[in-house]
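Reading through the structure tokens given below for one structure.
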Amino acid sequence: MSHAGDSDRLEIAVESLSLPHGSGAPRQILASIGFSLAAGEIAALTGPSGCGKTTLLRAIAGLIHVTDGRVRLPNGGRLGFVFQEPRLLPWRDVETNVRLAAPDASDSDLDAIFTALGLTDHHCDFPATLSLGLARRVAIARAFAIQPDILLLDEPFVSLDAALALRLREELIALIDERAVTTLLVTHNVDEAIALADRVLVLSSRPAQLIADVQIPIPREARGGADLSPIKAAIANKAAPTDR
């Protein structure tokens, strides 16, 4: 598998990926997944629970080795990952948690990210004092602090109430657009996928295959008042309802 490329595209071509299960016998998780993302493009990855969406993100990040296929990152290949859980060190304050990932980040760069995410008053707070929404903001700040070429997000808004999730989505998309970061987001929420992404990639039940690549032709700023029913129907018609 290659983690460097001579283009500005993220390229994924996974033929098969199996992981140990139970007694240690391998179980196939991914099968026949191929797509590429242009610089600055945003894609949402959806599909049944347990189908392998997180596994695919981890394979792209190099946390799982792909032997049958390849992952090619664009030039630079600096990658930010926002996990389902914030994964903050409890004995470090907010700013230190971010600086551990990005020790060379300037004060001005961090201040800009903290301001965009509503963290200006929380530099010295410790994780135990943060709400889930604030902790998720810190995890996003940490990912942006490294100035990523690629951003991977694994359900970053899960467990948040609707109003808070909407506000955090707006803050996130502003950062992504400002920095033109190539982004792949895992979500079970079709409305969320359509609101954020340029494309929605639909995986089947396990072993996961890419079964649909649905373009969102409506500009993001115009989607609020648009009839998105045909797009939702196209995604729903392709998505597998249950795991095998």
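All values reported here derive from a predicted model rather than from experimental measurement. The basis for the numbers below is simple: all heavy atoms, side chains too, and nothing from hydrogens, waters or symmetry mates.
No donor-acceptor pair closer than 3.5 Å links the side chain of Arg9 to the backbone N or O of Pro74. When atom types are taken as modelled, the side chain of Ser204 and the backbone of Gln209 share a donor-acceptor pair closer than 3.5 angstrom. Between the side chain of Gln28 and the backbone N or O of Leu30 there is at least one donor-acceptor pair closer than 3.5 Å. Thr96 contributes no side-chain N or O that, together with a main-chain N or O of Arg92, makes up a donor-acceptor pair within less than 3.5 Å. The closest donor-acceptor contact from the side chain of Thr115 to the backbone of Ile113 lies at 3.5 Å or more, if one exists at all. Side-chain atoms of Asp149 come within 3.5 Å of backbone atoms of Arg78 as a donor-acceptor pair (strictly under, hydrogens ignored). Judged purely by atom type and a 3.5 angstrom limit, Asp198 uses its side chain to pair as donor or acceptor with the backbone of Ile42. Glu171 places no side-chain N or O within 3.5 Å of a backbone atom of Leu168 that could act as its donor or acceptor partner. When atom types are taken as modelled, the side chain of Arg142 and the backbone of Leu100 share no donor-acceptor pair closer than 3.5 angstrom. Although no hydrogens or angles enter the test, the distance criterion places no donor-acceptor pair under 3.5 Å between the side chain of Arg27 and the main chain of Pro20.
A 4.5 Å side-chain heavy-atom check between Thr183 and Ile150 finds every atom pair outside the cut-off. Between Arg136 and Val158, some side-chain heavy-atom pair lies under the 4.5 Å cut-off. Side chains of Arg169 and Leu196 form a contact here, defined as non-hydrogen atoms less than 4.5 Å apart. Counting heavy atoms from C-beta outward, Phe35 and Glu11 have side chains that stay 4.5 Å or more apart. In this structure, the side chains of Asp177 and Arg220 come closer than 4.5 Å at one or more pairs of heavy atoms. Side-chain contact check for Leu45 versus Leu56: some heavy-atom pair is nearer than 4.5 Å.
When all heavy atoms are compared, the tightest approach of Ile176 to Phe144 is CG1-CZ, 3.8 Å. Across all non-hydrogen atoms, the minimal contact from Leu110 to Ala145 is CD2-CB, 3.7 Å. When all heavy atoms are compared, the tightest approach of Leu132 to Pro86 is CD1-CG, 4.4 Å. Nearest approach of Cys51 to Ser205, heavy atoms of both residues: CB-CA, 4.1 Å. Of all the heavy atoms in Arg223 and Ile218, the pair that sits closest is NE-O, 2.8 Å. Pro148 approaches Gly80 most closely through the heavy-atom pair CB-N, 3.6 Å.
Leu79 and Val181 fall into different hydrophobic clusters, where Ile, Leu, Val, Met, Phe, Trp and Tyr residues are linked whenever their side-chain heavy atoms come under 4.5 Å apart, directly or through other members. Under the 4.5 Å side-chain contact rule for hydrophobic residues, Leu130 and Phe83 do not share a cluster. The hydrophobic cluster containing Phe157 also contains Leu164, counting ILVMFWY residues as joined when their side-chain heavy atoms lie under 4.5 angstrom apart, directly or transitively. Cluster annotation: Leu151 is not connected to Leu73 through the hydrophobic network of ILVMFWY side chains, with a link wherever side-chain heavy atoms come within less than 4.5 Å. There is a path of hydrophobic side-chain contacts, each under 4.5 Å, that joins Leu203 to Ile64.
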As a quick check of understanding, evaluate salt bridge (charged side-chain N to carboxylate O under 4.0 Å, His left out) for Asp154 and Lys53, giving each step before the final call.
CA-CA 8 Å; Asp154 193 359; Lys53 300 182 293 297; over 6 Å; no
With salt bridge (charged side-chain N to carboxylate O under 4.0 Å, His left out) as the test, would you mind laying out the steps for Asp93 and Arg99 before giving the verdict?
CA-CA 10 Å; Asp93 64 25; Arg99 285 195 178 278; over 6 Å; no
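Between the side chains of Glu15 and Ser32, not a single donor N or O lies within less than 3.5 Å of an accepting N or O. Counted by atom type alone, Gln147 and Asp109 present one or more donor-acceptor pairs between their side chains at under 3.5 Å. Under the 3.5 Å distance criterion, with hydrogens and angles disregarded, a donor-acceptor pair is assigned to the side chains of Glu192 and Thr187. With no hydrogens or angles considered, no side-chain donor-acceptor pair links His188 and Thr46 at under 3.5 Å.
Separation of atoms CD1 (Ile231) and CD1 (Ile194) is listed at 5.5 Å; rounding is to 0.5 Å.
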Distance-only check: which donor-acceptor pairs under 3.5 Å involve side-chain atoms of residues 117-128, not counting sequence neighbours?
from	atom 1	to	atom 2	distance (Å)
His122	ND1	Asp125	OD2	2.6
His123	ND1	Glu95	OE1	2.9

